[in-house]
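Okay, structure first, notes after.
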Protein chains: 2
Amino acid sequence: MFQLSKKVEYGLIALRHIAAGSRGQIFTAKEIADKYQIPFELLAKVMQKLCKKGFVVSYQGVHGGYILVRDAHEVKVSAIINAIEEKPSVSIIQCESEKPESCIIHTTCTIKDPLVKLQSSINKVFEELSIMEMV
Amino acid sequence: MFQLSKKVEYGLIALRHIAAGSRGQIFTAKEIADKYQIPFELLAKVMQKLCKKGFVVSYQGVHGGYILVRDAHEVKVSAIINAIEEKPSVSIIQCESEKPESCIIHTTCTIKDPLVKLQSSINKVFEELSIMEMV
DNA sequence: ATAAATCGGACTGTAGCGGTCGGGTTTCTA
DNA sequence: TAGAAACCCGACCGCTACAGTCCGATTTAT
Ligand code: SF4
Ligand code: SF4
C-alpha cells in the first residue's frame, strides 16, 4: 500500500527523460523503453494517456514520437499521477476519492476530518515537485 | 492506490476511541465494532496486532478487553500504520520498502533519488499526527 | 510497398485485500 | 463447576486492481 503504480513510475521516467533532452526534441516510446528496460507495450499505453491529457504531443508515422508540451518546470508530479490514474488517486481515503457513501462506515467515522487535513499536507508535497527538478 | 487499508483505518478508529475514554479504561473489540459498524472479526485481528506491537494491553476472560499503553500524545499515525502492515508500508516506492533488487529496473531508474526525498517529506507528515490530536 | 511508429481495445495471470470461519484459551460469575 | 464472554490464531475465500501481453488498425516517411 502507498506505493506508486508502475504506470506512474514509467510515466515519470519517460517524462523526465524527455525533459532532459533539448527543447522540442522528439523521442519514441521504443527507445525509452529500451533504455530503461521498461516493458514497451505498457509504456506505450502510458504515453498515450499522457498525450490525451496534454503533457506531450504525439507524432505518428516512421519518424514519429513524443515531444514535451509545457515547460518542464510547470509539470508537477501530482498532475502526472492524476493523469495516469483516472480517479483523483493521490487520495488517502476512499470517501474523498470516490463518493462518501462508498465507505460503509462513513456515517460513524471519526477519523475522516483529521485525515483530510493530513491529505492536504501530502498534496502539497506532490505539488511542489516538478519534473524539471528530477533531471 | 495511495489509500489507507481498511485495517489501518479500523485500527485508527479503535485507538482514537480508546484514547478518547478515561485513562486506563478498558474497551472490548465487540463494543467498538458495534459502535462504528466495523466487521468484528477483522477489527479483532487488528487489535491483536496492535497488542503484539505494544500499543495496547489485552486482558482475556469475561471482562477482558484492551487498554492503551502509552501516552496517547506519543502514539503517531506512522507508527500505527507500520504496526498493522508489516512491511515499512508508508513507502512510495518498492525499492525502499523491499529489497532494491525487487524492482527489475532498479539499475536504470532515474527517479529514485527525487522520490526518496519526496518520501521523507511524507514521512514527516505522518509522524507529526498523533492519535491524541484526533479525539 | 514497406517499415516504423502511434493508437486502442481485449485479454490474462497474479497478488493483495476485505472479510469470514472454526477451534482454541483464559477468566469471571452464577 | 459449568457456562458465558472475551481474546487468540491460523486457514480460507471471493473479488478487484494491477502488471503485462497481444492483436489489429492507422499514420507517415522513404
Ligand atoms: S473509514 Fe472514514 S476516512 Fe476511511 S473512507 Fe470510510 S469514512 Fe473515509
Ligand atoms: S522504478 Fe525506480 S523508484 Fe520505482 S521501485 Fe523501481 S527503482 Fe525504485
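No hydrogens, no waters, no symmetry mates; every other heavy atom, side chains included, goes into these values.
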Select one nucleotide: of [options], the one nearest the side-chain heavy atoms of [X].
{"X": "A:V62", "options": "D:dC18, C:dA3, D:dC7", "value": "C:dA3"}
{"X": "A:A29", "options": "C:dT20, D:dT21, C:dT6", "value": "C:dT6"}
{"X": "B:T28", "options": "D:dA19, D:dA6, C:dC17", "value": "D:dA6"}
{"X": "A:E41", "options": "D:dC23, C:dG19, D:dG20", "value": "D:dC23"}
{"X": "A:Y66", "options": "D:dC8, C:dC7, D:dA19", "value": "C:dC7"}
{"X": "B:C51", "options": "C:dC17, D:dC8, D:dC23", "value": "D:dC8"}

> What does B:A44 touch in the nucleic acid at a heavy-atom separation under 4.0 angstrom: a base, only the sugar-phosphate, or nothing?
Replying inline: nothing
> Of B:E133, B:M132, B:E127, which is the lone residue that meets side chain to side chain contact (heavy atoms under 4.5 Å, CB included) with B:L129?
Replying inline: B:E133
Could you check how far [atom1] of [X] sits from [atom2] of [N], rounded to whole Å?
{"X": "A:K87", "N": "D:dT16", "atom1": "NZ", "atom2": "C1'", "value": "11 Å"}
{"X": "B:Q48", "N": "C:dT26", "atom1": "CD", "atom2": "P", "value": "15 Å"}
{"X": "B:Q60", "N": "C:dT25", "atom1": "CD", "atom2": "P", "value": "11 Å"}
{"X": "A:I38", "N": "D:dA19", "atom1": "CD1", "atom2": "C1'", "value": "13 Å"}
{"X": "B:K53", "N": "D:dC9", "atom1": "NZ", "atom2": "C1'", "value": "15 Å"}
{"X": "B:E98", "N": "C:dG16", "atom1": "CD", "atom2": "P", "value": "8 Å"}
{"X": "B:I84", "N": "C:dG16", "atom1": "CD1", "atom2": "P", "value": "18 Å"}
{"X": "B:Y59", "N": "D:dC7", "atom1": "OH", "atom2": "C1'", "value": "13 Å"}

Quick check on [N]: is either OP1 or OP2 less than 4.0 Å from any side-chain nitrogen or oxygen of [X]?
{"X": "B:H63", "N": "C:dT29", "answer": "yes"}
{"X": "B:S58", "N": "D:dC8", "answer": "yes"}
{"X": "B:Y10", "N": "C:dC17", "answer": "no"}

Hey, does the side chain of [X] reach the backbone of [Y] with a donor-acceptor pair shorter than 3.5 angstrom?
{"X": "B:E31", "Y": "B:T28", "value": "yes"}
{"X": "A:Q3", "Y": "B:I92", "value": "no"}
{"X": "B:E85", "Y": "B:N82", "value": "no"}
{"X": "B:Q25", "Y": "B:S22", "value": "yes"}

>> Can you work out whether B:L4 or A:F40 has the more 5'-proximal nearest nucleotide on DNA chain C?
In response: A:F40
>> Base of C:dT6, side chain of A:K30 - is there a donor-acceptor contact under 3.5 Å?
In response: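 Not at all, since no donor on one side and acceptor on the other fall under 3.5 Å apart.
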> Looking only at N and O atoms, is any donor in the side chain of A:K45 or the base of C:dG9 less than 3.5 Å from an acceptor on the other one?
Replying inline: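 When only heavy-atom distances are counted, A:K45 does reach the base of C:dG9 through a donor-acceptor pair under 3.5 Å.
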> Can the ring centroids of A:F2 and B:F126 be said to lie less than 6.0 angstrom from one another?
Replying inline: yes
> Toward the 5' end of DNA chain D, which comes first, B:K52 or B:I104, by nearest nucleotide?
Replying inline: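 Its nearest nucleotide being more 5', the pick is B:K52.
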> Nearest nucleotide by nearest heavy atom, which residue falls closer to the 5' end of DNA chain D, A:G61 or A:K7?
Replying inline: A:K7
